[in-house]
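Reading through the structure tokens given below for one structure.
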Amino acid sequence: MTKILFICHGNICRSPMAEFVLKHMAAQAGAADQFYIESAATSREEIGNDTHPGTKKMLAEHSIPCSKRRARQITKNDYESFDYIIGMDDANTRNITAICGGDPQGKVFKLLDFAGKDRDIADPWYTGNFEETYADVSEGCKALLESLV
């Protein structure tokens, strides 16, 4: 089983969006049992909070199931537990490696790396554009799933 941990700043917008999108895509592909997928934050700002309403709305518009959850912060132990630790932007990947003490096993990526794009996924907390974020997250998750199945 491949274990994937998506990371963003607060774990209420982008990383849970990626978590639910990839779970849905894997289920649609008949590969759900091949993956364990979670999400977490680099910061402590939103710990305990549920997914942002804008993310929930975007997932609902695309008929993607979204369960109630609580934001959490990545820990150093997560580095050993997961095969892939995937941030949404450069700041996320820098903070992941700082929290985890580096990336000696080469597990840390940005989501759009899998789609061959060297750019960040914009944070809709600041932009308000959940549609743009959804498009980027979907593109990255599709490419990630294709690379793993």
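Bear in mind that the values here come from a model prediction, so they are computed numbers and not experimental data.
The two residues G10 and S43 make their nearest non-hydrogen contact at CA-OG, 4.0 Å. Taking all atoms of both residues into account, the shortest heavy-atom contact from G54 to F130 is C-CD2, 3.4 Å. Across all their heavy atoms, S15 and C8 have their closest contact at OG-SG, 3.1 Å. Counting all heavy atoms, side chain and backbone alike, M25 lies closest to S138 at CE-O, 3.5 Å. The two residues Q73 and A40 make their nearest non-hydrogen contact at C-CB, 4.2 Å. Across all non-hydrogen atoms, the minimal contact from C66 to K56 is SG-CG, 4.0 Å.
Within the 3.5 Å criterion, the main-chain N or O of L144 finds no donor-acceptor partner in the side chain of Y84. Although no hydrogens or angles enter the test, the distance criterion places no donor-acceptor pair under 3.5 Å between the side chain of N129 and the main chain of P124. Judged purely by atom type and a 3.5 angstrom limit, D78 has no side-chain atom pairing as donor or acceptor with the backbone of I74. At distances below 3.5 Å, not a single donor-acceptor pair connects side-chain atoms of T55 with backbone N or O atoms of T51. With hydrogens and angles disregarded, a donor-acceptor distance shorter than 3.5 Å links the side chain of D113 to the backbone of K110.
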side-chain contact (heavy atoms from CB on, under 4.5 Å) between Y79 and V108, worked out: CA-CA 9 Å; Y79 190 84; V108 179; 4.2 Å; yes
Pair F35-I4, side-chain contact (heavy atoms from CB on, under 4.5 Å): steps then yes or no: CA-CA 7 Å; F35 300 99; I4 300 166; 3.9 Å; yes
Steps toward side-chain contact (heavy atoms from CB on, under 4.5 Å) verdict (I47, R44): CA-CA 5 Å; I47 291 185; R44 300 186 51 80; 3.6 Å; yes
Working for salt bridge (Lys or Arg N to Asp or Glu O under 4.0 Å), residues D136 and K117: CA-CA 10 Å; D136 283 347; K117 295 187 175 175; 6.0 Å; no
Full working for side-chain contact (heavy atoms from CB on, under 4.5 Å) between T75 and I99: CA-CA 7 Å; T75 67; I99 291 166; 5.8 Å; no
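Cluster annotation: M88 is connected to L22 through the hydrophobic network of ILVMFWY side chains, with a link wherever side-chain heavy atoms come within less than 4.5 Å. Cluster annotation: V21 is not connected to Y36 through the hydrophobic network of ILVMFWY side chains, with a link wherever side-chain heavy atoms come within less than 4.5 Å. Linking ILVMFWY residues whenever their side-chain heavy atoms come closer than 4.5 Å, directly or via other members, leaves F82 and V149 in distinct clusters. Transitive grouping of hydrophobic side chains (ILVMFWY, heavy atoms separated by less than 4.5 Å) keeps W125 and M58 in distinct clusters. Taken together through direct or relayed side-chain contacts under 4.5 Å among Ile, Leu, Val, Met, Phe, Trp and Tyr, I86 and I96 form parts of separate hydrophobic clusters.
For the atom pair CG (D90) and CG (N95), the distance works out to 11.0 Å, reported to the nearest 0.5 Å. To the nearest 0.5 Å, atoms OG1 (T97) and CG (N92) are separated by 11.0 Å. Of the inter-residue distances, the one linking R70 atom CZ with I12 atom CD1 reads 13.5 Å to the nearest 0.5 angstrom.
Here the side chains of F6 and E38 are not in contact, with every heavy-atom distance at 4.5 Å or above. Between F114 and C141 the shortest side-chain heavy-atom distance does not fall below 4.5 Å. Here the side chains of E46 and H52 are not in contact, with every heavy-atom distance at 4.5 Å or above.
In this structure, D33 places its CG atom where more than 12 heavy-atom neighbours from other residues, nucleotides or ligands lie under 6.0 Å away. Around atom CD of E61, more than 12 heavy atoms belonging to other residues, nucleotides or ligands sit under 6.0 Å away.
D83 has no carboxylate O lying under 4.0 Å from a charged side-chain N of K107, or vice versa, which leaves the two without a salt bridge.
Listed by first and then second residue, the salt bridge (Lys or Arg N to Asp or Glu O under 4.0 Å) pairs that reach into residues 3-16 are R14-D89, R14-D123, sequence neighbours excluded.
Using the six-membered ring where Trp is involved, H62 and Y134 have ring planes that are parallel, under 30° apart on the 30 and 60° scheme.
With N11 as the fixed residue, the side-chain hydrogen bond (donor to acceptor under 3.5 Å, both in side chains) test singles out one of E19, E45, R69: R69.
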